[in-house]
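Below is one structure, written out as structure tokens, with a few remarks after it.
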Amino acid sequence: ESQNGIITGYFVNITLLENGEVFQLFSVTTTLLIDTLKPFRTYDFVIAAQSNAGVGPYSRIVTTRTPEDSPSAHPEDLQIIEVKSTSVILQWSPPPPDQQNGII
């Protein structure tokens with residue numbers, strides 16, 4: 001492939017596959033730290049180079065899943081179901097699915 005002019009930067013498109021949300025970053029170097037991803041989610045990444053003549057074609061898609069993390073919300077609907085002289089039965093619902101950040 002040929003380069004049409006001096007590369008002035010790179011567009012990085014990131015797609016969160018769980019909901020199709022797309023966001024774009026720009027870098028003037030060939031490495032980029034992206035530290036705003038959500039835990040336990042799957043992302044697609046593509047990159048295109050830009051020169052003064054415009055933006056070139058996008059790269060092949062690379063996909064990764066971020067590791068699990070601790071839940072970012074508490075369990076919900078905590079209730080006392082039964083109380084006896086030496087015991088109690090509690091019941092609750094797990095945190096909302098989008099805040100579980102892994103398998104609970």
Side-chain angles (χ1 to χ4, degrees):
E1 296 182 39
S2 64
Q3 179 175 317
N4 296 321
I6 297 171
I7 301 294
T8 57
Y10 299 88
F11 286 101
V12 180
N13 286 2
I14 303 160
T15 303
L16 175 58
L17 294 184
E18 282 79 0
N19 66 9
E21 176 185 354
V22 177
F23 58 100
Q24 187 175 76
L25 301 174
F26 186 79
S27 178
V28 295
T29 66
T30 58
T31 59
L32 180 64
L33 170 64
I34 304 167
D35 60 1
T36 56
L37 303 179
K38 297 176 182 178
F40 206 58
R41 304 294 196 285
T42 304
Y43 291 90
D44 278 350
F45 300 87
V46 293
I47 299 174
Q50 176 183 345
S51 71
N52 288 334
V55 178
Y58 278 89
S59 67
R60 68 178 178 85
I61 296 171
V62 294
T63 303
T64 193
R65 183 172 190 89
T66 53
E68 290 185 79
D69 199 358
S70 59
S72 54
H74 57 75
E76 299 179 331
D77 305 318
L78 177 59
Q79 300 174 40
I80 296 173
I81 301 301
E82 184 179 314
V83 178
K84 294 188 177 181
S85 62
T86 61
S87 65
V88 65
I89 296 176
L90 300 176
Q91 180 178 319
W92 60 90
S93 299
D98 65 334
Q99 296 180 332
Q100 291 180 8
N101 301 331
I103 299 169
I104 294 182

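Just so it is clear, the structure is predicted and the values come from calculations on it, not from any experiment. Values reported hereafter were calculated over all heavy atoms of this structure, with side chains retained and with hydrogens, waters and symmetry mates removed.
- V12 and I61 end up in different hydrophobic clusters when Ile, Leu, Val, Met, Phe, Trp and Tyr side chains are linked at under 4.5 Å.
- Note that OH of Y43 and CG of N13 are 14.5 Å apart. Values are rounded to the nearest 0.5 Å.
- Smallest separation of non-hydrogen atoms from A73 and P96: CB-CD, 4.0 Å.
- The CG atom of D44 sits 4.0 Å away from the CG atom of L17 when rounded to the nearest 0.5 Å.
- For residues 28-40, the pairs satisfying side-chain hydrogen bond (donor to acceptor under 3.5 Å, both in side chains) are S27-T29, with sequence neighbours left out.
- The hydrophobic clustering, which links ILVMFWY residues whose side-chain heavy atoms are closer than 4.5 Å, places L37 and V22 apart.
- In this structure, the side chains of N52 and I6 stay at 4.5 Å or more apart for every pair of heavy atoms.
- In the hydrophobic clustering of this structure, Y58 does not group with I7; members are Ile, Leu, Val, Met, Phe, Trp, Tyr whose side-chain heavy atoms approach within less than 4.5 Å, directly or through other members.
- Of all heavy-atom pairs between S70 and N101, the closest is O-ND2, 3.0 Å.
- Here the straight-line distance linking atom OG1 of T64 with atom CD1 of I14 works out to 12.0 Å at 0.5 Å rounding.
- Closest approach of V46 and S59 over heavy atoms only: CA-OG, 3.6 Å.
- Contact check for I34 versus F45: side-chain heavy atoms found under the 4.5 Å cut-off.
- The salt bridge (charged side-chain N to carboxylate O under 4.0 Å, His left out) analysis of residues 88-104, with sequence neighbours excluded, yields no pairs.
- Around atom CD1 of I81, more than 12 heavy atoms belonging to other residues, nucleotides or ligands sit under 6.0 Å away.
- With sequence neighbours excluded, the residues forming a side chain to side chain contact (heavy atoms under 4.5 Å, CB included) with E18 are L16, R41, T42, R65, listed by chain and number.
- Evaluation of the side chain to side chain contact (heavy atoms under 4.5 Å, CB included) rule for V83 yields I80, V88 as partners, not counting sequence neighbours.
- The CG atom of D69 sits 13.0 Å away from the CD atom of Q100 when rounded to the nearest 0.5 Å.
- You'll find the side chain of D77 stays beyond 4.5 Å of the side chain of W92, heavy atoms only.
- E68 and G102 make their closest contact through OE1-CA, 3.2 Å (heavy atoms, listed as atom of the first residue, atom of the second, distance).
- With sequence neighbours left out, F26 forms a side chain to side chain contact (heavy atoms under 4.5 Å, CB included) with F11, V28, Q50.
- Every residue meeting the side chain to side chain contact (heavy atoms under 4.5 Å, CB included) condition with S51, not counting sequence neighbours, appears here in chain and number order: A53.
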